[in-house]
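Inspection log for the structure reproduced underneath, given as structure tokens.
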Number of protein chains: 2
Amino acid sequence: MLSKKTKYGLKALTFIARNEGDMPVQVSKIAKSEQIPSKFLEGILLTLKKAGVLGSKKGKHGGYYLRKEPSEILMTEVMRVLEGPIAMVPCVSLNYYEKCDDCPDEHKCSVHKLMIEVRDSTLKVFRNTTLADLSNTKR
Amino acid sequence: MLSKKTKYGLKALTFIARNEGDMPVQVSKIAKSEQIPSKFLEGILLTLKKAGVLGSKKGKHGGYYLRKEPSEILMTEVMRVLEGPIAMVPCVSLNYYEKCDDCPDEHKCSVHKLMIEVRDSTLKVFRNTTLADLSNTKR
DNA sequence: GTAATCCCTACTAAATCGATAGGATTAATA
DNA sequence: TATTAATCCTATCGATTTAGTAGGGATTAC
């Protein structure tokens, strides 16, 4: 299941991509428009900021803005930040590999083989999709 | 993340596919060979039985057996039984569709579009993979 | 009748998720 | 400079899910 965190995060990014002029966008505006609990969203955007996807400006008239063009923000990046590893098992994860306790030999493991295929096909989608696709903006 | 339940279930099915002669295979044998907690596995195989993937024989020399040829057991079926819906959000699930509380219009939802693509690509893998592929048996 | 096996229900500890609370810090502006 | 509006940070909470255990009932081979 996709977590609410990721769902909200994607919606928020889409909103920001669509509403970006010169001014940063406030959490409260996004929360209201997208029906997301404001305090919860606060934490999500903070995470995206720490990961380098968003920038922020504090104080009055502050808010969040994209640090790259929507077309340069890949879903691989966003999903990894919000949802964690793309692979369904650590033993096929590219970025967070871990050996299984059980499994004496990975190459003979039936689950391993299947999960590599799933990972690759999902990765293909995420690598081919940017925030520009989600938000229908051209940049 | 793939649940242990699903992982164990797949390993068990693979084991049964490889070890099937005329005799049913016992939970205890699978558990020992695949390093799975025996009582936990018991419940998993029961689930697979109720779903019609496995058959069982009670009493001495009883055990579990496949109800179809490995090549006829699709991963779509197994994954749905063990892991639940393949879609990451209910609003793109083929078998368990549910509307989102938020989302006034699905067709305009950026998350929706992305998750349909993920679902389709994952589905493609599961539809193209059978237990025979996992277990390297020909049947 | 006994041992081996599946079948069923209930319980538990730990982790995760979704959300809230409360305030510290920063910056614009009146 | 005081006020206000924002981000930033930490802690907490209830509900749910996960992974597993416990204990026994029912069935069958021998």
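Residue numbers start from 1 in every chain, and the chains themselves are labelled A, B, ... in the order their sequence lines are given, proteins ahead of strands. What you see below is based on every heavy atom in this structure, not just the backbone, and it leaves out hydrogens, waters and symmetry mates. Source: prediction; values computed, not measured.
Taking all atoms of both residues into account, the shortest heavy-atom contact from B:Leu13 to B:Val78 is CD1-CG1, 3.7 Å. Closest non-hydrogen pair, B:Phe15 versus B:Ser33, comes out as CE1-OG, 3.2 Å. Between B:Lys113 and A:Leu134, the shortest heavy-atom contact is NZ-O, 3.9 Å. Taking each heavy atom of A:Pro24 and A:Gly62 in turn, the nearest pair found is CG-C, 4.0 Å. Residues B:Ser71 and B:Thr130 share a closest heavy-atom pair of O-CG2, 3.3 Å.
For A:Glu42 against D:dC8, a side-chain N or O and a base N or O form a donor-acceptor pair under 3.5 Å. With hydrogens and angles ignored, no donor-acceptor pair closer than 3.5 Å exists between the side chain of B:Gln26 and the base of C:dC6.
Look at NZ on B:Lys7: it is 10 Å from P on D:dG20, rounded to the nearest Å. Distance CG (A:Leu48) to C1' (D:dT7): 14 Å, rounded to an integer number of Å. Taking atom CG of residue B:Leu45 and atom P of nucleotide C:dC8, one finds them 14 Å apart after rounding to whole Å. Separating the CD1 atom of A:Ile44 from the C1' atom of D:dT7 is a distance of 15 Å, rounded to the nearest angstrom.
Comparing the end axes of the helix from C:dG1-D:dC30 to C:dA30-D:dT1, each fitted to five base pairs by superposing C1' atoms of four pairs onto the next four, gives an inter-axis angle of 0° (nearest 10 degrees).
At least one side-chain heavy atom of A:Leu114 sits less than 4.5 Å from a side-chain heavy atom of B:Phe126. For the pair B:Gln35/A:Asp101, no side-chain contact is recorded, criterion being any heavy-atom separation below 4.5 Å from C-beta on. Counting heavy atoms from C-beta outward, A:Asn95 and A:Ile86 have side chains that stay 4.5 Å or more apart. Between B:Asp133 and B:Asn128, the closest side-chain pair of non-hydrogen atoms is not below 4.5 Å. The shortest distance between side-chain heavy atoms of B:Met115 and B:Cys91 does not fall below 4.5 Å.
Near-neighbour residues of DNA chain C inside residues 76-90 of chain B, defined by a heavy atom below 4.0 Å, are absent. Within residues 27-41 of chain A, the residues that have a heavy atom under 4.0 Å from DNA chain D are, in order of number, A:Val27, A:Lys39.
With no hydrogens or angles considered, a side-chain donor-acceptor pair links A:Glu83 and A:Ser3 at under 3.5 Å.
Remark: A:Lys49 is in phosphate contact with D:dC8, judged by side-chain N or O atoms under 4.0 Å from OP1 or OP2. Checking the phosphate oxygens (OP1, OP2) of D:dA6, no side-chain nitrogen or oxygen of A:Tyr65 falls inside 4.0 Å. Close to D:dG20, at under 4.0 Å from its OP1 or OP2, lies a side-chain N or O of B:Tyr8. Between D:dA6 and A:Ser56, no contact under 4.0 Å exists linking OP1 or OP2 to a side-chain N or O.
Residue-to-nucleotide proximity on DNA chain C shows that, of B:Gly63 and A:Lys4, the 5′-proximal contact is made by B:Gly63.
Every ring pair (Phe, Tyr, Trp, His ring centres under 6.0 Å) that B:Phe40 has, sequence neighbours left out, goes to B:Tyr8.
By the neighbour-count criterion of 12 heavy atoms within 6.0 Å, atom NZ of A:Lys99 is densely surrounded, having more than that number from other residues, nucleotides or ligands. Atom CZ of B:Arg80 is surrounded by more than 12 heavy atoms from other residues, nucleotides or ligands within 6.0 Å.
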Between the protein and nucleotides 24-30 of chain C, which nitrogen or oxygen pairs come in under 3.5 angstrom?
residue : atom : partner : partner atom : Å
C:dA28  : OP1  : A:Lys57 : NZ           : 3.3

Inset, instruction - Assess whether side chain to side chain contact (heavy atoms under 4.5 Å, CB included) is satisfied between B:Val111 and A:Leu2, documenting all intermediate values. - result: CA-CA 10 Å; B:Val111 179; A:Leu2 193 75; 4.0 Å; yes
Inset, instruction - Using a 4.0 Å cut-off on protein heavy atoms (strictly under), produce a 5'-to-3' string for nucleotides 10-16 of chain D with B for base contact, S for backbone-only sugar-phosphate contact, and - for none. - result: -------
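With respect to B:Glu77 and B:Lys68, a salt bridge is recorded, a charged nitrogen being found less than 4.0 Å from a carboxylate O.
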